[in-house]
Amino acid sequence: MSTSSELVLISGLNGFIATDIALAFLQAGYRVRGTVRSQAKAETWLKLPAFATFISNGQLETAIVPDIVRPGAFDDALKDVDYFLHTIAQLPDWRPGVKQDMEKDILLPNIDGTLNALKSSTKFPQVKKVIILGSIAAAVDLSVPKHVEVVTEKSWNPRDYEYGKSAPHPLFSYGASKKLAEEAAWRYVEETKPHYALITTLPCYVFGPANGLDPFGVNNASQQWLAGTLFRSDWNFKTSAGGPAYVDLRDVARAHVLAVQREEANGKRLILGKTESEVRFPSDFVPLFAREFPERAHKLPKVPSDLVNHPEYDVDPSATEAALGFKFRGPREVVLETARWLIESGAEKEWEPVMTPY
């Protein structure tokens with residue numbers, strides 16, 4: 001528990017992951033200020049039931065930051081802040097037929113937004129730590145079908161800016177943007193030596209019980225890979241792969257609280273998640289769901305006989321677990337607990353009208 005009412009700034013408060021990170025900090029006794037892009041978005045998010053008590057007791061507030069790539073974008077929001085968690089990332093849309101400018105829509109927002117967070121924090125001497133929510137894609141090249149070396153906190157995606165602009169898949173551009181943004185962050189700290197400690201977190205694919213605006217993954221790029229497999233008999237495993245490393249949203253939230261609290265996390269890259277042999281890709285969810293939820297077996301999608309899942313890699317989070325002092329749930333536990341929560345929460349009804357092709 002925080003006993004000093006320290007103030008945590010969380011950028012992109014209304015995001016899928018950020019929402020539950022905010023809740024974890026509030027439950028631990030911290031005050032939270034979150035940034036959103038508009039007042040309308042703030043008002044929508046503030047209606048979430050999980051936060052009513054914290055709003056009424058003055059523990060939670062919002063700040064409007066409409067453009068994160070504008071120099072000084074976070075200056076006003078950082079007043080009196082002790083810890084800054086920068087969680088905003090521009091995600092690609094990989095649905096068939098969607099056109100995007102990878103440089104303008106993905107690379108620049110993710111790189112420049114990250115640097116703006118660090119530069120603004122440098123102006124405020126009371127900031128103790130800046131934590132950048134990155135991605136496992138910064139540590140592994142998702143375009144490589146099979147990796148031999150185990151991914152650790154020392155691993156880096158080798159792709160460069162030029163590749164990111166014209167990668168053959170939006171997810172590969174996203175991976176390059178996360179690598180380049182994190183690389184720029186560490187370079188900035190090395191060159192300027194600011195007063196705060198930098199920590200970067202690299203979550204794997206995130207599933208889990210959620211408290212945000214899209215808890216069931218109808219529009220979310222991570223949770224949908226589990227929910228879609230559970231609720232859509234026409235799920236396309238060839239265009240919507242995901243995997244093979246997973247992390248529970250509750251563990252992601254807990255990891256960020258511990259990163260603030262533990263000195264052992266300072267200056268570290270933290271791998272959030274695990275891999276295991278049985279549950280690696282959404283196609284592996286189907287036999288698992290059929291065994292655990294036999295009443296749903298006839299509703300599950302068929303796995304193509306010629307399906308080849310990739311990328312194949314394994315992660316080793318042992319250094320992160322040592323720094324944070326706790327162990328992550330394994331993929332089987334993550335997948336099954338999320339599936340049970342989705343079913344018990346009535347998520348299937350939310351998925352019934354979804355006709356988006358994947």
Side-chain angles (χ1 to χ4, degrees), residues 9-22 34-37 41 45 65-70 73-74 77 84-95 98 100-121 130-142 156-157 159 161 164-165 167 169-186 188 198-208 210 212-214 217 219-225 242 245 247 249 252-253 255-256 259 269-273:
L9 176 65
I10 302 177
S11 67
L13 181 66
N14 54 338
F16 170 63
I17 295 175
T19 292
D20 278 80
I21 291 177
T35 76
V36 290
R37 294 183 187 271
K41 290 182 180 294
W45 187 90
V65 179
D67 181 8
I68 66 169
V69 301
R70 177 181 60 82
F74 297 104
F84 184 9
L85 277 64
H86 180 59
T87 76
I88 298 175
Q90 188 64 44
L91 293 167
D93 190 333
W94 43 72
R95 290 172 297 177
V98 175
Q100 288 178 291
D101 182 328
M102 291 299 114
E103 181 175 27
K104 179 182 176 182
D105 297 337
I106 306 298
L107 292 176
L108 290 176
N110 288 343
I111 297 168
D112 293 346
T114 297
L115 286 174
N116 274 343
L118 296 172
K119 291 175 182 178
S120 285
S121 298
V130 177
I131 302 177
I132 304 296
L133 175 64
S135 168
I136 194 64
V140 60
D141 182 359
L142 300 178
W156 284 92
N157 183 339
R159 295 299 188 176
Y161 192 90
K165 289 197 305 183
H169 192 285
L171 187 60
F172 303 158
S173 291
Y174 171 74
S177 79
K178 297 302 286 183
K179 172 268 183 91
L180 294 165
E182 189 191 351
E183 189 177 57
W186 288 113
Y188 175 83
L198 175 64
I199 301 165
T200 59
T201 60
L202 285 67
C204 303
Y205 287 98
V206 183
F207 299 145
L213 296 171
D214 181 28
N219 300 300
N220 177 265
S222 180
Q223 190 102 307
Q224 69 182 3
W225 279 317
V247 64
L249 179 57
V252 174
H256 283 82
R269 301 177 82 208
L270 303 176
I271 300 285
L272 309 185

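The analysis underlying the following values was restricted to heavy atoms, covering all of them including side chains, and did not include hydrogens, waters or symmetry mates.
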Taking atom [atom1] of [X] and atom [atom2] of [Y], what is their separation to the nearest 0.5 Å?
X: S173; Y: D105; atom1: OG; atom2: CG; value: 10.5 Å
X: S177; Y: F172; atom1: OG; atom2: CZ; value: 13.5 Å
X: I111; Y: I106; atom1: CD1; atom2: CD1; value: 11.0 Å
X: I88; Y: I10; atom1: CD1; atom2: CD1; value: 11.5 Å
X: W186; Y: L118; atom1: CH2; atom2: CG; value: 10.0 Å
X: I199; Y: L85; atom1: CD1; atom2: CG; value: 8.5 Å

Checklist entry - Are T87 and I17 side-chain neighbours, meaning at least one heavy-atom pair lies under 4.5 Å? => result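 Heavy-atom side-chain distance check fails, nothing below 4.5 Å.
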Item to check | Close side-chain approach of Y174 and L142, heavy atoms under 4.5 Å | outcome: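 They are not in contact (no side-chain heavy atoms under 4.5 Å apart), so the answer is no.
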Residues that [X] engages under side chain to side chain contact (heavy atoms under 4.5 Å, CB included), provided they are two or more places apart:
X: D112; value: V69, L108
X: S120; value: F74, D75, L78
X: K104; value: D101
X: N14; value: V36, K41, W45, L213

Work out which heavy atom in [X] is nearest to a heavy atom in [Y]; give both atom names and the distance.
X: A117; Y: S121; answer: O-OG, 2.8 Å
X: A245; Y: C204; answer: O-CB, 3.2 Å
X: Q90; Y: R37; answer: OE1-NH2, 4.4 Å
X: A176; Y: G164; answer: CB-CA, 3.9 Å
X: L115; Y: Y188; answer: CD2-CB, 4.1 Å
X: A137; Y: N157; answer: O-ND2, 3.0 Å

Item to check | Pairs meeting criterion salt bridge (charged side-chain N to carboxylate O under 4.0 Å, His left out) with involvement of residues 175-186, two or more places apart | outcome: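 Those involving residues 175-186 are E182-R269, E183-R187.
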Checklist entry - How far apart are the C-alpha atoms of H256 and L272, what are their side-chain angles, what is the distance that settles it, and do they pass the side-chain contact (heavy atoms from CB on, under 4.5 Å) test? => result CA-CA 10 Å; H256 283 82; L272 309 185; 4.0 Å; yes
Checklist entry - Does any N or O in the side chain of Q224 come within less than 3.5 Å of the main-chain N or O of N219, such that one atom is a donor and the other an acceptor? => result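 Checked: no pair found.
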Using the test side-chain hydrogen bond (donor to acceptor under 3.5 Å, both in side chains), find all partners of [X] that sit at least two apart in sequence or belong to another chain.
X: D141; answer: S143, R159
X: T114; answer: none
X: D20; answer: N211
X: S11; answer: H86

Item to check | From I271, I136, L133, residue fulfilling side-chain contact (heavy atoms from CB on, under 4.5 Å) relative to P203 | outcome: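 Only one of I271, I136, L133 forms a side-chain contact (heavy atoms from CB on, under 4.5 Å) with P203, namely L133.
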Next on the checklist: Between L270 and I131, does the side-chain contact (heavy atoms from CB on, under 4.5 Å) criterion hold? Intermediate values first, please.
Outcome noted: CA-CA 10 Å; L270 303 176; I131 302 177; over 6 Å; no
Item to check | V65 and R70: CA distance, side-chain angles, deciding distance, side-chain contact (heavy atoms from CB on, under 4.5 Å) verdict | outcome: CA-CA 9 Å; V65 179; R70 177 181 60 82; 5.5 Å; no
